[in-house]
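A quick write-up on the structure given underneath.
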Amino acid sequence: MILAVGLQLCIQRVKGLSGALDDFRNVCTIYSPKYAEKTFKCLKDFNRGVALFTCPKTPIKCLSASLKICFIAEDYFRRNDKACEAEILYCSGLRKIFPVEVYEKTILKVIKHPIRYAARHTSDELRRSSADLQGIMHVTPPMSCAEVLRTCKELSNKYGYADVNLQTLQHKMYPNIFGLGDCTPGITNKTSSAVGAQSQIVYQNVLSIFRGKYPIAHYDGYTACPVVTGYGTCILTEFDYNNKPCESFPWKQNSESRLNYFLKRNVLGKLYWRYNVKGKSNFNRNLLKMFKFRR
Ligand SMILES: Cc1cc2nc3c(=O)[nH]c(=O)nc-3n(C[C@H](O)[C@H](O)[C@H](O)COP(=O)(O)OP(=O)(O)OC[C@H]3O[C@@H](n4cnc5c(N)ncnc54)[C@H](O)[C@@H]3O)c2cc1C
């Protein structure tokens with residue numbers, strides 16, 4: 001059995017958020033398909049005031065997405081002559097804006113007027129008065145492992161994630177059970193790139209089990225995410241369990257560049273649909289190795 005039930009949004013954990021997303025014209029989130037389109041409408045309708053972007057302290061899907069939307073909004077306001085009317089605030093419940101030091105430094109440099117950043121700030125409640133103000137609020141809701149796994153004490157750890165070995169992804173109690181994706185513990189940035197890397201490990205280890213052998217393939221925590229910093233620029237992050245960068249390409253991924261953006265916009269999406277979702281993500285890595293890139 002392979003556990004791959006992902007994370008769930010805990011919108012109800014922020015008092016008033018559920019109603020606000022439905023009823024207030026200026027509260028949105030890209031994290032739910034239901035409100036993703038509303039987000040662009042909010043950006044278009046924004047004229048002046050505070051644009052508040054939040055990030056909770058719980059683990060979330062793609063940490064960078066909460067940042068990307070803030071950077072994209074700032075660029076959108078600038079291109080549409082709304083920037084000088086905007087006060088943009090990125091409030092994160094986390095101690096650091098990004099878990100990997102080198103990327104953190106670059107991201108902090110990207111944050112400049114009119115964006116301000118506050119660490120260790122979360123909102124537990126959304127009051128009518130705050131949403132009535134001019135401006136917009138983009139909320140990244142708190143998340144937890146999917147209910148079905150979280151409530152199954154036999155299969156989950158004390159935090160509700162699949163209780164698997166971080167390297168082999170095999171369940172600690174049941175050798176015929178594996179974990180895959182966002183519902184596994186340890187990954188510092190839960191992404192589909194991580195799922196792609198993990199799926200090869202799970203595949204090899206499941207075959208080993210079928211053959212009566214021990215699972216020996218090890219996942220190193222590889223995760224990757226493009227941090228889009230505007231329309232045309234991007235930082236390409238790739239790192240492992242130890243928050244050590246493990247970059248694939250021979251150019252400087254850790255700086256805002258058009259090349260990173262080109263790759264994100266024109267190449268990664270195609271690779272994702274063609275290979276990742278079909279379980280062939282090793283193709284990407286083998287291709288990079290063929291060109292003697294680093295991974
Ligand atoms: C806005 C946003 C931007 C992102 N950007 C990137 C990016 O640029 N790059 C990147 O690599 N990743 C990105 N991600 C992250 C990526 O989408 C996730 O990490 C990935 O989808 C995780 O895959 P998963 O299969 O583990 O979980 P999911 O994709 O969440 O799939 C889990 C599935 O299990 C189902 N499920 C849950 N409970 C049950 C049950 N009881 N019975 C049956 N089915 C159940 C769920 O309905 C769901 O379909 C982004 C995510 C978001 C939200």
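Just follow the structure's listing: the first ligand is 1, and inside any ligand the first atom is 1.
In this structure, atom 19 (O) of ligand 1 has a protein heavy-atom contact shorter than 4.0 Å. Counting protein heavy atoms under 4.0 angstrom from atom 41 (N) of ligand 1 gives one or more. Inside a 4.0 Å radius of atom 47 (O) of ligand 1 there is not any protein heavy atom. The presence of a protein heavy atom under 4.0 Å from atom 23 (O) of ligand 1 is confirmed. In this structure, atom 6 (C) of ligand 1 has protein heavy atoms in its sub-4.0 angstrom surroundings. Within a 4.0 Å radius of atom 29 (O) of ligand 1, the protein contributes no heavy atom.
Listed by number with element, the atoms of ligand 1 under 4.0 Å from a non-hydrogen atom of Gly181 are 26 (O). Distances below 4.0 Å separate heavy atoms of Gly6 from the following atoms of ligand 1: 27 (O), 30 (O), 32 (C). Close contacts of ligand 1 with Lys190, meaning ligand atoms under 4.0 Å from a residue heavy atom, involve 15 (C), 19 (O). For ligand 1 and Pro226, the ligand atoms under 4.0 Å from any heavy atom of the residue are 8 (O).
Protein heavy atom closest to atom 53 (C) of ligand 1, with residue, atom name and distance, is Tyr31 CD2, 3.6 Å. Protein heavy atom in closest approach to atom 51 (C) of ligand 1: Cys62 CB, 3.8 Å. Of all protein heavy atoms, the one lying nearest to atom 45 (C) of ligand 1 is Val5 CG1, 4.3 Å. From the protein, the heavy atom lying nearest to atom 26 (O) of ligand 1 is Asp182 N, 2.8 Å. In this structure, atom 8 (O) of ligand 1 lies nearest to the protein heavy atom Lys68 NZ, 3.1 Å.
Only the side chain of Val195 comes within contact range of ligand 1, with a heavy atom under 4.0 Å; no backbone atom does. Contacts between Val148 and ligand 1, counted as non-hydrogen atom pairs separated by less than 4.0 Å, involve the side chain only. Neither the backbone nor the side chain of Ala36 has a heavy atom within less than 4.0 Å of ligand 1.
Looking at Gly196, Ala65, Ala224 and measuring to atom 2 (C) of ligand 1, the nearest heavy atom belongs to Ala65. Summarising the contacts of atom 25 (O) of ligand 1 with Gly179, Ala4, Cys145, the nearest heavy atom is found in Ala4.
For Phe46, the ring-ring contact (aromatic ring centres under 6.0 Å, His included) test picks out Phe77, with sequence neighbours left out.
Side-chain contact between Thr237 and Pro226: absent, with no pair of heavy atoms (C-beta onward) separated by less than 4.5 Å. With contacts defined as side-chain heavy-atom distances shorter than 4.5 Å, the pair Pro245/Val100 qualifies. Counting only heavy atoms from C-beta outward, the side chains of Lys190 and Val195 never approach each other to under 4.5 Å.
Put simply, the side chain of Gln170 gets close to the backbone of Pro175: a donor and an acceptor are under 3.5 Å apart.
Relative orientation of the Tyr103 and Phe98 rings is perpendicular, given thresholds of 30° and 60° on the angle between their planes.
Of the polar atoms of Ser192, at least one N or O is found under 3.5 Å from an N or O of ligand 1, judged by distance alone.
Between Tyr261 and Tyr231, the distance separating the two ring centers is not shorter than 6.0 angstrom.
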